[in-house]
> 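Next up is a structure, given as structure tokens.
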Amino acid sequence: MTTTPEASRTATRPQLSEDLRAATAVAHDRAERATFVDDLMSGRLDASGYRRMAAQLYFVYRALEEVGDDLADDPVAGPVVDERLRRVPRLSADLVALGLDPDAATPLPGVAAYVAAIEATRTDPARFVAHHYTRYLGDLSGGQVIRSRMKLHYGLTDEMLTFYVFDGIDKLKRYKDAYRATLDGLPLDDDQARAVIDEAVAAFEHNERLFAELAA
Ligand code: HEM
């Protein structure tokens with residue numbers, strides 16, 4: 001008879017959402033205080049600052065949503081995948097409204113690495129969850145502040161900022177609470193739970209690198 005070693009047994013992780021928040025808290029502070037983010041949010045840049053960021057995020061979300069589509073029925077990644085979160089059509093329309101051709105941009109080196117990291121999760125659903133959490137929970141949180149500041153400081157219009165609008169989700173806080181409950185209910189073994197945390201920290205680092213490249 002074979003026995004499952006304790007360490008690899010699959011279980012739900014009632015602490016995962018808290019662990020994720022705790023593990024990324026320092027990186028979150030750093031991201032919020034990154035020069036590019038601080039300048040953008042304080043009105044020290046111009047509309048082209050936001051435009052350059054949005055063009056780069058287009059690569060990130062294309063990867064995220066292509067892999068998400070592939071993993072939609074996966075028992076680990078599937079529960080977080082939600083059509084209401086899909087951003088690519090919105091981001092693409094925003095870029096056009098901002099005067100850009102979505103398909104003409106080139107990824108910055110750090111963004112190419114970020115995209116490669118997301119694509120590598122196609123065979124590692126736990127790590128995909130980390131990338132999903134880092135971007136979408138951010139968009140549902142700080143993203144809402146970004147939207148209002150871009151309107152205030154740079155006169156961007158609703159038509160240019162549909163990326164931050166989530167049709168079908170009326171109460172963002174309630175959605176985020178439910179998302180955290182979903183995270184806590186994912187069937188993960190110990191190694192996968194650790195991988196989610198490690199990859200979320202790495203995902204924040206990718207975002208920090210993006211901001212550093214945008215500031216350069
Ligand atoms: C303009 C800069 C930012 C501001 C003002 C901001 C603001 C916030 C706020 C207020 C929350 C708490 C929301 C809540 O508890 O429901 C939050 C959560 C979060 N933010 Fe940010 N944020 C910023 C940048 C970022 C960046 C760059 C990322 C990563 C790409 C990010 C990812 C997250 C995530 C994943 C959460 C959820 C934390 C959790 O509850 O587990 N944020 N943000």
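We count residues from 1, following the sequence as given. Ligands are counted one by one from 1 in listed order, and the atoms in each one are counted from 1 as well. These numbers come from a predicted model, not from an experiment.
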> So which protein heavy atom does atom 7 (C) of ligand 1 come closest to, and at what separation?
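Answer for atom 7 (C) of ligand 1: Gly142 CA, 3.4 Å.
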
> According to a hydrophobic-cluster definition based on side-chain heavy atoms being under 4.5 Å apart (Ile, Leu, Val, Met, Phe, Trp, Tyr only), do Leu152 and Val37 belong together?
no

> May I ask you to list the atoms of ligand 1 that are less than 4.0 angstrom from any heavy atom of Arg135?
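Going through ligand 1 atom by atom, the ones under 4.0 Å from Arg135 are 30 (C).
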
> For atom 38 (C) of ligand 1, what's the nearest protein heavy atom and its distance?
Tyr133 OH, 3.4 Å

> Assess Tyr136 for proximity to ligand 1: is some non-hydrogen atom of it under 4.0 Å away?
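Per 4.0 Å heavy-atom rule, Tyr136 does not contact ligand 1.
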
> Report the C-alpha distance between Tyr50 and His153 in whole Å, list the side-chain angles of each, state the deciding distance to 0.1 Å, and finish with yes or no for side chain to side chain donor-acceptor pair (under 3.5 Å).
CA-CA 11 Å; Tyr50 179 76; His153 292 313; over 6 Å; no

> Can you find a side-chain donor-acceptor pair between Asp184 and Ser17 that sits under 3.5 Å?
yes

> Say whether Thr134 and ligand 1 are in contact under the criterion: heavy-atom distance to a ligand atom below 4.0 Å.
yes

> Do me a favour and list the nearest non-hydrogen protein atom to atom 31 (C) of ligand 1 with residue, atom name and distance?
His28 CD2, 3.5 Å

> Starting from atom 3 (C) of ligand 1, find the nearest protein heavy-atom neighbour and note its residue, name and distance.
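Checked against all protein heavy atoms, atom 3 (C) of ligand 1 sits closest to Glu32 CG, 3.3 Å.
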
> Please could you name the atoms of ligand 1 that Phe211 approaches to less than 4.0 Å, counting only its heavy atoms?
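Ligand 1 atoms under the 4.0 Å threshold to Phe211: 27 (C).
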
> Among Glu18, Arg21, Lys176, which one puts a heavy atom closest to atom 15 (O) of ligand 1?
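Considering heavy atoms of Glu18, Arg21, Lys176, the nearest to atom 15 (O) of ligand 1 sits in Arg21.
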
> Could you pull out the closest heavy-atom pair between Ala77 and Val129, with the gap in Å?
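Scanning both residues completely, I find the closest heavy atoms to be CA-CG2, 3.9 Å.
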
> Specify the protein heavy atom at minimum distance from atom 28 (C) of ligand 1: its residue, its atom name, and the distance to 0.1 Å.
Phe204 CE2, 3.8 Å

> Phe128 and Tyr133: aromatic ring centres closer than 6.0 Å?
no

> Test the Arg87-Phe166 pair against the cation-pi criterion, namely NZ or CZ under 6.0 angstrom from the six-membered ring centroid and within 45° of the ring axis.
yes

> If you round to the nearest 0.5 Å, how far is CD of Glu83 from CG of Asp167?
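If we round to the nearest 0.5 Å, Asp167:CG and Glu83:CD are 12.0 Å apart.
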
> Tell me which protein heavy atom sits closest to atom 9 (C) of ligand 1, plus the residue, atom name and distance to 0.1 Å.
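For atom 9 (C) of ligand 1, the nearest protein heavy atom comes out as Ser141 CB, 4.0 Å.
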
> If you count the atoms of ligand 1 from 1 in the order shown, which ones are under 4.0 Å from a heavy atom of Met41?
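Under 4.0 Å from Met41, ligand 1 has these atoms: 1 (C).
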
> Kindly work out whether a path of hydrophobic side-chain contacts (I/L/V/M/F/W/Y, heavy atoms less than 4.5 Å apart) joins Val145 to Val165.
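Per the 4.5 Å side-chain linkage, Val145 and Val165 are not co-clustered.
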
> What about Phe163 and Tyr61, are their ring centers closer than 6.0 Å?
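Ring centroids of Phe163 and Tyr61 are less than 6.0 Å from each other.
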
> Yes or no: does Arg149 have any heavy atom under 4.0 Å from an atom of ligand 1?
no

> Under 3.5 Å, N or O to N or O, is Arg180 touching ligand 1 that way?
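Yes; the residue has a nitrogen or oxygen that sits under 3.5 Å from a nitrogen or oxygen of the ligand.
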
> Nearest 0.5 Å please: distance from the CZ atom of Phe211 over to the CZ atom of Arg33.
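Rounded to the nearest 0.5 Å, the CZ-CZ separation comes out at 13.5 Å.
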
> Which ligand 1 atoms does Val37 reach within 4.0 Å, using its non-hydrogen atoms?
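This gives 1 (C), 2 (C) as the contact atoms.
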
